[in-house]
Peer 1: 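What follows is a structure written as structure tokens; I'll ask about it next.
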Amino acid sequence: MTSFFLTTAIDFVNSRPHLGTAYEKITADVIARYHRLKGDDTWFLMGNDEHSQNVFRRAQEQGKDPLAYCDEMEQVFRDVWRGLDISFDDFIRTTDQKRHVPAVQRLVQACLDNGDVYEGTYEGPYCVGCEEFKPEKDLVDGLCPIHKTKPEWIREKNWFFRLSRYQRPLLKFYADHPSFIEPEVRRNEVVRLVEDGLVDLSISRAGQSWGIPLPFDPTSVVYVWFDALTNYASAVGYGWDDALFAKRWPANLHIVGKDITRFHCVIWPAMLMSAGLPLPGRIFGHGWVFFKGERMSKTMGNIVDPLDAAKRFGPDPLRLYLTKEVPYGGDGDFTWERFEEKYNADLANNLGNLVNRVAAMTERFQHGRLAAGAGGPLAALAAEAARSYAGAMDRLALHEGVAAAYRLVSAANEYIAETQPWSLAKDPAKADALARVLYEAAEAVRIAAVLLLPVMPSSAAEILRRMGEPASPGDLRFDTATAWRTSGERGILNAGALWPRLEDKGAITVSETKSGDAGAEAPALHSEAPALHSEAPALRTPAAPVAPEQISIDEFMKVQLKVARVLEAARVPKSKKLVQLSVDVGEATPRTILAGIAESYEPEQLVGRTIVVVANLKPAKLMGIESNGMVLAASPEGGGALLIDAEPGAPGTRVR
RNA sequence: GCCGGAGUAGCUCAGCCGGUUAGAGCGAGCGUCUCAUAAGCGCUAGGUCGGCGGUUCGAGUCCGCCCUCCGGCACCA
């Protein structure tokens, strides 16, 4: 028996899942169910990513123990997944003491034993006030320019993974396994990224309690990616059940968002190589589902709760929409209008009505019973549909697979129109033809339902039941179930409409925004992403202490905000976002400040404007130009920048 | 700026190695049957296939240049 092990990204638990997160799980679930239908020994893994400072902080805000908070969130996630009919076989949490913790420790130990983990130290002047390391060049007379205090000299341990060593092995692996990274656009991206060189990865954080301690240095915990990625192995026995691990690993398919594909294609394989473990078969980076053309985000207030979409008719219409309307691998769009439109067209008018008319005619003309027989034109179409469906599904072209199933549905409707069973019923001499025609249609519907089983599990099962399929859906196997049946008799059930037509626009529209802890934008294995590739040596990045949620007035006062007048503005050559400003902040000479607002403003629009700047920001050089300060601007989700204007006032006036 | 992808009917997209009248689904309009959820079925969209130039007997389909959009990287202090 072929085995098939697939995973999705594990999710951060600092907010409930939104439609974008659900999209990933739904499509993965379709794939998992397809493989089960084929008879593969399928194992579908999902889980939560809990060792994140965001999670820790979130728990603290709510006055909860982090683990207790994670327990609650697990329930929230499981409830959503249940509501969407996600059939995962296992759910791993990164706080799992029995499975995940030993796995991470063993993996990091294996990498250490292989010489790929080394201890680096960062040392330098550390300003307690700023809570950060200060580059020597920023010190003024040996003092912190902001606090005017003498920084402490601090050494901090950090463990690094020798990612740089794997540049060549990875490139070779990509070349030898063309379908390792899909779709192709992601593959190109990753290959180029790796070609450009890899930087060793910091994999530990010192002085934190929320995380998995390094086995060889209990004072440090394993940092995000190393911890999170290991879930794929920890869930199937790595570090705690070698036999199980040998059975399941390697994973055949990792389904992840396109933003984190790179981490799965670079860090994860390198970790596995280092530990001497086999690599996964395929990593697929899916696209985003936008809402009305915009990325869903909490700040935009355009979060769609997947359960809202499933509220009235269950998860199947949503599952169908997301797999049929969005080419898998690309981005898609969700709007309630479109959702309703597709609901009516695909479900009410097309499939639902087909089931109804076949059942109604069979009941009326044949007393609800049909004798099987050799197939006519629809049998050939059904075979073609099943074949192209399987081909598409194997290629992960889910949308094409569904389209193939729908070709059969449409063909059945056309067939009925052509053969006109109701006319045949009027002529007793045509009784045989009538019986044959109705069976032909019913059998086509049955086969279409089999094809749709992975996409709409409960609806397809109901259709099968009505079409007299004796086997329970779980026992069906693709090859035999999609074959035309030529013998036997079956009872057809005429029941009510599966999907009542929606007559009013906005019939199933629900509130578009939720208050409270509606989802954040990113799927988990994400966000706190350390740079994979950057000019800055990884060694330079010290551990960032947890930022406090609230600051004191004193702390705020450290920031010197001042009114400034823009004297000159010009685009920085070769830059997409930078504008070079010359501003009057009430000092003897104008200051040069660079601002990343070129996408929102033409330089001419800026001259003469009165704005607010941060006057005591340490200088930084960007594109070779030194910037002495920073302008205040709102930066909405999805790019752009909106300058904060001030009433014209004397340049240099303190803002507070 | 560099790298990658894309620009085809109102919308979402197919169009492989170049070849008769450029396709599908949805929406819209018209017609029609009546088994069915006023659903189905049929017909209709006359689209500079982003623009210009080139190769060719012949180009969405190959080459060059340009424009626009989307990703990634460099900058976003």
Side-chain angles (χ1 to χ4, degrees), chain A residues 138 183-193 195-196 258-259 261-262 285 287-288 290 324-327 329-333 335 337-338 341-342 344-366 397 399-400 402-403 406-407 409-410 412-426 434 437-438 441 494 496-503 531-535 572-579 593-600 613-614 616-631 633 635 639-641:
Chain A
D138 287 354
E184 202 173 323
V185 57
R186 298 300 141 215
R187 181 187 156 77
N188 292 341
E189 240 171 65
V190 170
V191 169
R192 192 166 157 276
L193 177 84
E195 281 173 349
D196 282 358
K258 64 182 184 182
D259 57 333
T261 311
R262 55 179 54 195
W288 305 130
F290 295 95
K324 187 166 186 274
E325 290 308 294
V326 183
D331 292 334
D333 196 40
T335 66
E337 294 71 22
R338 185 77 177 151
E341 216 169 83
K342 298 308 294 180
N344 272 345
D346 293 334
L347 293 173
N349 297 351
N350 220 336
L351 181 58
N353 184 50
L354 172 65
V355 170
N356 238 24
R357 63 200 302 213
V358 168
M361 284 191 282
T362 303
E363 180 179 64
R364 189 157 140 192
F365 304 143
Q366 303 288 309
H399 55 297
E400 289 181 34
V402 181
Y406 259 83
R407 280 202 296 279
V409 171
S410 294
N413 268 323
E414 290 163 30
Y415 177 79
I416 290 172
E418 282 166 21
T419 55
Q420 302 188 13
W422 52 92
S423 299
L424 298 175
K426 287 172 185 161
L434 173 61
V437 161
L438 285 179
N494 185 26
L498 280 107
W499 298 284
R501 194 163 204 287
L502 302 168
E503 300 298 346
L532 242 194
H533 154 77
S534 102
E535 286 187 1
V572 175
K574 293 186 186 178
S575 162
K576 186 157 50 171
K577 296 185 178 178
L578 289 178
V579 174
I593 291 182
L594 296 183
I597 55 175
E599 289 179 315
S600 308
V613 303
V614 179
N616 60 340
L617 197 68
K618 69 184 180 188
K621 64 288 148 225
L622 301 167
M623 303 292 288
I625 302 167
E626 187 172 271
S627 176
N628 296 285
M630 154 186 178
V631 305
S635 28

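No experiment lies behind these values; they were computed from the predicted model shown. A note on names: the letters A, B, ... follow the listed sequences, proteins ahead of strands, and every chain is numbered from 1.
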Peer 1: Can you tell me, in whole Å, how much space there is between the P of B:rG27 and that of B:rU56?
Peer 2: 47 Å
Peer 1: Can you name the nearest heavy-atom pair linking A:Val437 to A:Pro421, along with the distance?
Peer 2: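 Closest approach of A:Val437 to A:Pro421: CG1-CG, 3.7 Å.
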Peer 1: Figure out the CZ/P separation between A:Arg192 and B:rG71, and round it to whole Å.
Peer 2: 17 Å
Peer 1: For A:Arg187, report the nucleic acid contact type (base, sugar-phosphate, nothing); a contact means any heavy atom under 4.0 Å.
Peer 2: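 Answer is nothing: A:Arg187 stays at 4.0 Å or more from every strand.
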Peer 1: What is the distance, to the nearest angstrom, from the CG atom on A:Asp331 to the C1' atom on B:rU12?
Peer 2: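 Those two atoms, CG and C1', are 14 Å apart.
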Peer 1: List the atom of A:Ser410, the atom of A:Asn350, and the distance in Å for their closest heavy-atom pair.
Peer 2: OG-ND2, 3.9 Å
Peer 1: When the distance from NZ of A:Lys258 to P of B:rG4 is rounded to whole Å, what number comes out?
Peer 2: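 After rounding, the reported distance stands at 18 Å.
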Peer 1: When you compare B:rU61 with B:rC16, how far apart are their P atoms, in angstrom units rounded to a whole number?
Peer 2: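 One P to the other, the span is 10 Å.
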Peer 1: Mind checking the C1' distance from B:rC62 to B:rG46? Whole angstroms is fine.
Peer 2: 28 Å
Peer 1: May I ask you to say whether A:Arg192 pairs ionically with A:Glu195, meaning some side-chain N is under 4.0 Å from a carboxylate O?
Peer 2: no
Peer 1: Assign B:rG60 to syn or anti; the rule is syn for a glycosidic angle within 90° of 0 and anti otherwise.
Peer 2: syn
Peer 1: Looking only at atom P, what distance separates B:rA28 and B:rA6, rounded to whole Å?
Peer 2: 32 Å
Peer 1: With a 3.5 Å distance limit and no angle check, can you tell me whether A:Asp331 reaches the backbone of A:Trp288 through a side-chain donor-acceptor pair?
Peer 2: yes
Peer 1: Let me know the distance between CG of A:Leu578 and C1' of B:rG1, rounded to the nearest Å.
Peer 2: 12 Å
Peer 1: Can you give each donor-acceptor pair under 3.5 Å made by side-chain atoms of residues 353-362 of chain A, sequence neighbours left out, with the distance rounded to 0.1 Å?
Peer 2:
unit_1: A:Arg357; atom_1: NH1; unit_2: A:Asn413; atom_2: OD1; d: 2.7
unit_1: A:Thr362; atom_1: OG1; unit_2: A:Val358; atom_2: O; d: 2.7

Peer 1: Pick the nucleotide of RNA chain B nearest each of A:Ile593 and A:Glu418; which residue has the one closer to the 5' end?
Peer 2: A:Glu418
Peer 1: Please state the C1' separation for the pair B:rA14 and B:rG58 - nearest whole angstrom.
Peer 2: 23 Å
Peer 1: Taking all heavy atoms of A:Ala348 and all of A:Trp499, pick out the closest pair and write down the distance.
Peer 2: CB-O, 3.4 Å
Peer 1: Do you know the tightest heavy-atom contact between A:Glu325 and A:Asp346?
Peer 2: OE2-OD2, 4.4 Å
Peer 1: Check RNA chain B for consecutive Watson-Crick or G-U pairs with both distances under 3.5 Å and list the runs of at least three as stems.
Peer 2: B:1-7 with B:67-73, B:10-13 with B:23-26, B:28-32 with B:40-44, B:50-54 with B:62-66
Peer 1: Can you check side chain to side chain contact (heavy atoms under 4.5 Å, CB included) on A:Phe290 and A:Val326, steps first, answer last?
Peer 2: CA-CA 11 Å; A:Phe290 295 95; A:Val326 183; over 6 Å; no
Peer 1: In this structure, how many angstroms lie between the P atom of B:rC2 and the CG atom of A:Leu193, rounded?
Peer 2: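 These atoms are roughly 20 Å apart.
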Peer 1: Send over the distance from A:Glu325 CD to B:rC26 C1', rounded to a whole Å.
Peer 2: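 In whole Å, B:rC26 C1' lies 8 Å from A:Glu325 CD.
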Peer 1: Using atom CZ of A:Arg407 as one end and atom P of B:rA24 as the other, report the distance to the nearest whole Å.
Peer 2: 13 Å
Peer 1: In whole angstrom, give me the gap between the C1' atoms of B:rC3 and B:rA77.
Peer 2: 26 Å
Peer 1: Please measure how far the C1' atom in B:rC17 lies from the corresponding atom in B:rC35, and state the result in whole Å.
Peer 2: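 The same atom, C1', in both gives a distance of 48 Å.
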Peer 1: If a protein heavy atom is under 4.0 Å from the base, mark B; if only from the sugar-phosphate, S; if neither, -; do that for nucleotides 30-40 of chain B going 5' to 3'.
Peer 2: ---SSBBB-SS
Peer 1: Would you mind classifying the nucleic acid contact of A:Gly629 as base, sugar-phosphate or nothing, using non-hydrogen atoms under 4.0 angstrom?
Peer 2: sugar-phosphate
Peer 1: Taking the side chain of A:Glu341 as its heavy atoms from C-beta onward, which of B:rC26, B:rA77, B:rG71 lies nearest to it?
Peer 2: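 In terms of side-chain proximity for A:Glu341, the closest of B:rC26, B:rA77, B:rG71 is B:rC26.
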Peer 1: Does the pair A:Arg338 and A:Asp333 meet the rule for a side chain to side chain contact (heavy atoms under 4.5 Å, CB included), with working shown?
Peer 2: CA-CA 9 Å; A:Arg338 185 77 177 151; A:Asp333 196 40; over 6 Å; no
Peer 1: Any idea which heavy atoms bring A:Leu351 and A:Tyr406 closest together, and the distance?
Peer 2: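 Smallest interatomic distance, heavy atoms only, reads CB-OH, 3.7 Å.
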Peer 1: Between B:rU55 and B:rU8, how far apart are the two P atoms, rounded to whole Å?
Peer 2: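 About 27 Å, rounded to a whole number of Å.
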Peer 1: Within a radius of less than 6.0 Å around CD of A:Glu184, do more than 12 heavy atoms belonging to other residues, nucleotides or ligands occur?
Peer 2: no
Peer 1: Rounded to the nearest Å, what distance is computed from the OH atom of residue A:Tyr406 to the C1' atom of nucleotide B:rC26?
Peer 2: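 Interatomic distance, OH of A:Tyr406 to C1' of B:rC26: 13 Å.
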Peer 1: To the side chain of A:Leu617, which of B:rC2, B:rC13, B:rA77 is closest?
Peer 2: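 The closest nucleotide is B:rA77.
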